[in-house]
Structures are given as C-alpha cells and as structure tokens.
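Heads up: the structure comes next, in structure tokens.
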Amino acid sequence: MKLSILRVSFLLYALVELCIWIEQRGEPVALRLDPPDFVGMKSEGIVAVIHEATYPRFERDARYRERQVAAMQAGLLWGAYHFGDATNPTLQADHFLSAVATSVPAPLAALDPGKRRLGVLLVLDFEKNGPIRAAR
C-alpha cells in the first residue's frame, strides 16, 4: 500500500514538473520535432510524454502507437489525450478508450525492466464547441 502511494505521488510530482517545463518553454518539444527525440528528452530531464491519441469525428493520430513505443523504450512515462468537443461525448469517450486500449504495444514485454512503465495516463483536452444551440 505504501509503495502504491509513493508511486502515485511520484507520478503527480513528475507531471507537475512536466507542466512547469512546458509552461516555461512554450509548446511541448515533442510537437516540434519530427521524429521526436525521446532519448534526448529523457537525457534533458523530461519524465513523461502526453500524446494526442484521438479527436472528434472518431479519428486517431496515425503516429500514436509508433511514438508510444519509442517513448517507452526511452524510459519515459506515457499519457494519451483526447481532443474533445461538445459533440457526442459518450461516443468520443468510447472511441478514445478503445483506441488507447488497442494501442498497447506488444514489444513492451521485451523492454528492459528498468524502462518498463505500466499504465497510460488518460487526459481530456475539452474545447467547448460543436453544434450551436439556441438560447432559451
């Protein structure tokens, strides 16, 4: 139990540090580099990546799984986010969860145990847009 609390505390600390790093430097590095240099990011002190997985109209980011494997091989924690809008939230959530669940990379079992990270942080980037409704 104590070990789980420590892990959660560490993850929250790491995410706060990542958010501070992004805020100080503007746009996340991973979005500016193609392909992203996850090993370089790790050596610079980055501990996690939160990558867009899905967005409205039930589309998936075509590079999501490839980048997930590369980031995890570099020893980074992984998070997935859905860029959501005000159209059909239930179907969007189902699509997001399905996309993330089916993208769990098989090569993770072959990773060095020190680099293996279990789980995916799920994040919602909600933009209040979609169909315009008349005011009552």
query = Taking atom CD of Gln73 and atom CD of Gln68, what is their separation to the nearest 0.5 Å?
reply = 10.5 Å

message = Within this structure, what is the CG-CD1 distance for the pair Leu121 and Ile50, rounded to the nearest 0.5 Å?
response = 5.5 Å

inquiry  = If we ignore hydrogens and angles and just use 3.5 Å, is the side chain of Lys42 paired with the main-chain N or O of Val47 as donor and acceptor?
reply    = no

key: Minimum-distance pair of heavy atoms, taken over all atoms of Phe96 and Val123   = CZ-O, 3.9 Å

task = Please report the closest heavy-atom contact between Ala80 and Val100, naming both atoms and the distance.
result = CB-CG2, 3.7 Å

request  = Quick one: pull up NE2 in His95 and CG in Asn88 and give me the separation to the nearest 0.5 Å.
outcome  = 12.0 Å

query = Do you know the tightest heavy-atom contact between Asp125 and Glu127?
reply = OD1-OE2, 3.2 Å

Closest non-hydrogen atom pair between Ala48 and Leu76, with its separation = N-CD2, 4.1 Å

key: Arg60 vs Ser98 side-chain heavy atoms within contact, under 4.5 Å   = yes

request  = May I ask you to test the Phe38-Val49 pair for a side-chain heavy-atom distance under 4.5 Å?
outcome  = yes

request  = Mind listing the closest non-hydrogen atom pair of Met41 and Pro36 along with its distance?
outcome  = CE-CB, 3.9 Å

key: Atom of Gln92, atom of Gly84 and distance for their closest heavy-atom approach   = OE1-CA, 3.3 Å

query = Among all residues two or more places apart in sequence or in another chain, which pass the ring pair (Phe, Tyr, Trp, His ring centres under 6.0 Å) test with Tyr64?
reply = His51, Trp78

Less than 3.5 Å apart, which donor and acceptor atoms pair up between the side chains of residues 52-59 and the rest of the protein, not counting sequence neighbours?
unit_1	atom_1	unit_2	atom_2	d
Thr54	OG1	His82	ND1	2.6
Arg57	NE	Glu59	OE2	3.4

task = For Ser43, check side-chain contact (heavy atoms from CB on, under 4.5 Å) against everything at least two apart and list the hits.
result = none

ask   = Rounded to the nearest 0.5 Å, how far apart are CD of Glu44 and CG of Asp37?
value = 9.0 Å

note = One should read off an interatomic distance between Asp61 CG and Tyr81 OH, to the nearest 0.5 angstrom, of 8.0 Å

